[in-house]
Asker: 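I have a structure I would like to understand better, so I am pasting it below and will then ask my questions one at a time.
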Amino acid sequence: MTYSGDDIKRLIPQRYPFMMVDAFEECGSNSAATTLVVRKDNYFMLPDDTMAETGIIEHIAQSCSALAGFKALSEQSSAAPVGIIGEVKHFVCHRRPRLGECLSTTVTFNMTFGNVTLATGQSLVGDEPIAEVNLKIFIQ
């Protein structure tokens with residue numbers, strides 16, 4: 001199932017101007033694909049019309065949030081859970097995405113114990129790798 005537009009708000013707690021996922025598509029039970037078009041009004045835009053590295057991390061984290069929200073709704077939960085980034089490891093940014101480019105991101109939940117999930121994410125523009133990261137997320 002694909003979520004886009006206002007439907008994304010069912011999966012993630014973030015709202016404008018901090019919403020960093022335009023579309024969500026489930027790939028598997030522990031992985032998902034998302035997209036984000038880099039727009040001028042994005043909170044993380046820099047003066048040179050590129051997105052800051054922190055924006056890429058936030059996009060990947062919100063992609064994880066969308067997967068957690070999808071899983072919660074699939075289990076008949078009334079609301080998507082709130083997640084907090086606990087740790088960022090092995091972040092590599094090959095380049096910052098530019099205004100108008102579309103980030104295609106894949107996230108995977110590798111392990112969950114209690115309310116802690118270890119996740120990986122990778123963002124591309126077309127076939128070009130933009131960034132990858134490992135995240136530790138605390139889900140409330």
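All figures in this text were calculated on a predicted structure; none of them were measured in a lab.
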Asker: Grab the two heavy atoms, one from Leu135 and one from Ile85, that are nearest each other, plus how far apart they are.
Answerer: CD2-CG2, 4.4 Å

Asker: Take atom CG of Asp6 as the centre, draw a 6.0 Å sphere, and report whether it contains more than 12 heavy atoms from other residues, nucleotides or ligands.
Answerer: no

Asker: Using the test salt bridge (charged side-chain N to carboxylate O under 4.0 Å, His left out), find all partners of Glu87 that sit at least two apart in sequence or belong to another chain.
Answerer: Lys136

Asker: If the condition is side-chain hydrogen bond (donor to acceptor under 3.5 Å, both in side chains), which residues does Asp22 pass it with, not counting sequence neighbours?
Answerer: Arg39

Asker: With a 4.0 Å cut-off, would you call Arg95 and Glu101 a salt bridge?
Answerer: yes

Asker: Is Phe138 reachable from Val82 through a run of hydrophobic residues whose side-chain heavy atoms are each under 4.5 Å from the next?
Answerer: no

Asker: State whether the side chain of Arg96 and the backbone N or O of Cys93 hold a donor-acceptor pair below 3.5 Å, judged by distance alone.
Answerer: no

Asker: Tell me which pairs pass ring pair (Phe, Tyr, Trp, His ring centres under 6.0 Å) where either residue lies in residues 71-130, with sequence neighbours left out.
Answerer: none

Asker: Sequence neighbours excluded, which residues qualify as salt bridge (charged side-chain N to carboxylate O under 4.0 Å, His left out) partners of Lys40?
Answerer: Asp49

Asker: Is there side-chain contact between Thr50 and Leu99, with heavy atoms separated by less than 4.5 Å?
Answerer: no

Asker: To the nearest 0.5 Å, what is the distance between CD on Glu25 and OG1 on Thr106?
Answerer: 10.0 Å

Asker: Do Val88 and Val107 sit in the same hydrophobic cluster, where Ile, Leu, Val, Met, Phe, Trp and Tyr count as joined when their side-chain heavy atoms come under 4.5 Å apart?
Answerer: yes

Asker: Not counting sequence neighbours, list each pair that qualifies as a side chain to side chain donor-acceptor pair (under 3.5 Å) and has a residue in residues 112-121.
Answerer: Thr112-Thr117

Asker: What I'd like to find out is whether the side chain of Thr2 reaches to under 4.5 Å of the side chain of Phe24, using heavy atoms alone.
Answerer: no

Asker: Can you measure from OH (Tyr16) to CG (Asn42) and round to the nearest 0.5 angstrom?
Answerer: 9.0 Å

Asker: I want to check something: taking the side chain as every heavy atom from C-beta on, are Lys9 and Met19 in contact at a cut-off of under 4.5 Å?
Answerer: yes

Asker: First locate atom CG of Leu124, then atom CD of Glu132, and finally report the distance between them rounded to the nearest 0.5 Å.
Answerer: 9.0 Å

Asker: Considering only distance and modelled atom types, tabulate donor-acceptor pairs under 3.5 Å from the side chains of residues 55-75, sequence neighbours left out.
Answerer:
| from | atom 1 | to | atom 2 | distance (Å) |
| --- | --- | --- | --- | --- |
| Glu58 | OE2 | Gln62 | NE2 | 2.8 |
| His59 | ND1 | Met20 | O | 2.6 |
| His59 | NE2 | Thr105 | OG1 | 2.7 |
| Gln62 | OE1 | Met20 | N | 2.7 |
| Gln62 | NE2 | Phe18 | O | 2.6 |
| Ser63 | OG | Thr34 | OG1 | 2.7 |
| Ser63 | OG | His59 | O | 2.9 |
| Lys71 | NZ | Ser29 | O | 3.2 |
| Lys71 | NZ | Asn30 | OD1 | 2.7 |
| Ser74 | OG | Phe70 | O | 2.8 |

Asker: Would you say that Met51 contacts Leu46 through its side chain, given a criterion of any heavy-atom pair below 4.5 Å between the two side chains?
Answerer: no

